[in-house]
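Each chain gets a letter, A, B and so on, in the order the sequences are listed, and its residues count up from 1. What you see is a predicted model; the values in this text were computed from it and never measured.
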2 protein chains.
Amino acid sequence: MSPDERRQQLLALGVAALADRPLEAVTVEELAAQAGVSPALVHYYFQNRQGLHSAIVRTARDAMLHATEPRADLPPQARLRDTLDRFVVFVRDHHATFYSLVRGAASGDENVRTTIQHARDVLAGHLQDVLAGLGTPPGPLLDVAVHSWISFAEQALIEAATDPDVPPDDLAAFLERSALGVAAALEAAPGPTG
Amino acid sequence: MSPDERRQQLLALGVAALADRPLEAVTVEELAAQAGVSPALVHYYFQNRQGLHSAIVRTARDAMLHATEPRADLPPQARLRDTLDRFVVFVRDHHATFYSLVRGAASGDENVRTTIQHARDVLAGHLQDVLAGLGTPPGPLLDVAVHSWISFAEQALIEAATDPDVPPDDLAAFLERSALGVAAALEAAPGPTG
């Protein structure tokens with residue numbers, strides 16, 4: 001195994017470990033044992049537990065952003081729906097990873113928080129693009145609405161993406177309609193001059 | 001000062017301390033110094049730092065719930081708007097307290113988390129009542145929508161309640177319309193057999 005392959009293997013094991021426990025409980029020693037290497041080798045790649053946690057969170061975040069990258073060739077509303085369809089599937093298939101990312105947004109580790117904030121900023125940017133494409137006017141509440149809807153979607157995905165009573169299509173459709181509903185709530189707002 | 005008055009004074013100082021630093025940084029020693037009493041007396045009332053933190057969070061939570069208690073005599077939509085008007089004012093006037101409550105929802109201290117979860121459950125119950133009064137049909141996504149909208153509102157209040165470019169009326173109106181928009185997104189959802 002090349003050094004890069006070994007590093008990828010350790011990170012994949014680290015992300016998989018999130019299914020059983022929170023990020024803070026993932027240790028260098030257990031990953032070394034699972035990979036059949038020495039803890040010293042894991043330290044070689046990631047310095048310390050904090051470095052390992054940062055790298056695991058970046059890996060999980062990048063997997064989420066990659067899986068939910070909008071298709072630039074679609075018109076705005078279809079692009080929103082297509083992204084949401086893939087988001088629901090991602091969270092259904094990687095619930096623990098997603099939960100770790102959402103939970104990690106309040107982590108005591110600044111590196112972890114910064115990594116996750118980047119993901120929220122990227123998702124907020126995607127939604128801004130959709131809303132701009134739909135003609136939502138700019139205003140002092142536009143950013144607030146976008147960030148708040150990201151929190152809304154995180155909560156809905158965590159609660160419902162693995163609920164057997166909620167078909168993935170229904171959840172994606174609900175998220176799509178609520179994003180449009182929030183955008184409409186924004187359009188009804190008076191402008192800065194009231 | 002009676003023992004109960006002293007306890008209330010210490011808690012008021014504790015809630016006020018949240019303006020300067022997170023709950024976890026509030027210490028028995030500093031509150032004792034501020035109140036001009038011995039740390040031993042603070043320990044007498046609250047046992048230890050954890051007990052003090054739990055009591056501060058309960059005090060802050062109860063102040064928020066009290067300030068935003070719905071008026072039962074109003075019809076559903078007017079009740080929603082009236083509650084939101086008071087919520088915006090509460091967060092504007094007690095931003096640090098509210099921020100501590102939202103942040104504390106991910107606290108490592110289980111007592112703190114439970115205390116704050118109770119507030120979210122109460123707020124979710126208020127919103128359920130409004131939606132039931134407006135005729136929103138029950139369904140597998142109703143609870144999800146309510147909890148997700150609470151996250152939405154928390155984020156919007158934190159970002160915008162103290163923004164000088166956002167008049168309190170505009171923010172309350174936006175929150176009202178987005179709650180109705182989310183409810184409408186729910187009504188458009190196919191039922192469990194759909």
Side-chain angles (χ1 to χ4, degrees), chain A residues 22 24-25 99 102-108 113 116 120 124 139-167 169-194, chain B residues 22 24-25 99 102-108 113 116 120 124 139-167 169-194:
Chain A
E24 307 85 60
Y99 188 67
V102 172
R103 233 177 130 268
S107 168
R113 283 204 311 278
I116 292 168
R120 286 182 167 170
L141 280 171
L142 178 59
D143 276 0
V144 174
V146 166
H147 297 156
S148 302
W149 188 83
I150 301 286
S151 296
F152 177 93
E154 283 175 357
Q155 184 70 31
L157 286 164
I158 280 182
E159 285 194 41
T162 56
D163 183 339
D165 290 340
V166 179
D169 265 8
D170 288 4
L171 179 56
F174 169 67
L175 288 170
E176 177 193 6
R177 282 192 304 266
S178 49
L180 300 176
V182 167
L186 208 48
E187 287 183 46
T193 57
Chain B
E24 307 85 59
Y99 189 67
V102 172
R103 233 176 130 269
S107 167
R113 283 204 311 278
I116 292 168
R120 286 182 168 171
L141 280 171
L142 179 58
D143 276 1
V144 173
V146 165
H147 296 157
S148 302
W149 189 82
I150 301 288
S151 296
F152 177 94
E154 283 175 357
Q155 184 71 31
L157 286 163
I158 280 183
E159 286 195 40
T162 56
D163 183 340
D165 290 340
V166 179
D169 267 7
D170 288 5
L171 179 56
F174 169 67
L175 287 170
E176 177 193 6
R177 283 192 304 266
S178 49
L180 300 177
V182 167
L186 208 48
E187 287 183 45
T193 58

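Atom CZ of residue B/Arg120 and atom CD of residue A/Gln155 lie 6.5 Å apart, to the nearest 0.5 angstrom.
Heavy-atom distances place both the backbone and the side chain of A/Ala145 under 4.5 Å from chain B. Interface remark: B/Ala153 contributes no atoms to any contact with chain A (heavy atom separation under 4.5 Å). Contact of A/Val166 with chain B is made through the side chain alone, with heavy-atom distances under 4.5 Å.
When all heavy atoms are compared, the tightest approach of B/Leu141 to A/Asp170 is CD1-O, 4.1 Å. Shortest non-hydrogen contact noted between A/Val182 and B/Phe174 is O-CE1, 3.8 Å.
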Check against side chain to side chain contact (heavy atoms under 4.5 Å, CB included), A/Phe152 and B/Ser148
CA-CA 5 Å; A/Phe152 177 93; B/Ser148 302; 3.5 Å; yes
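Looking only at heavy-atom pairs under 4.5 Å with chain A, the residue among B/Ser107, B/Ala106, B/Ala156, B/Ser178 that has the most is B/Ala156. With respect to chain A, the highest number of heavy-atom pairs below 4.5 Å among B/Ala105, B/Ser151, B/Gly108 belongs to B/Ser151.
Taking B/Asp143 as the reference, B/Gln128 meet the side-chain hydrogen bond (donor to acceptor under 3.5 Å, both in side chains) condition, with sequence neighbours excluded.
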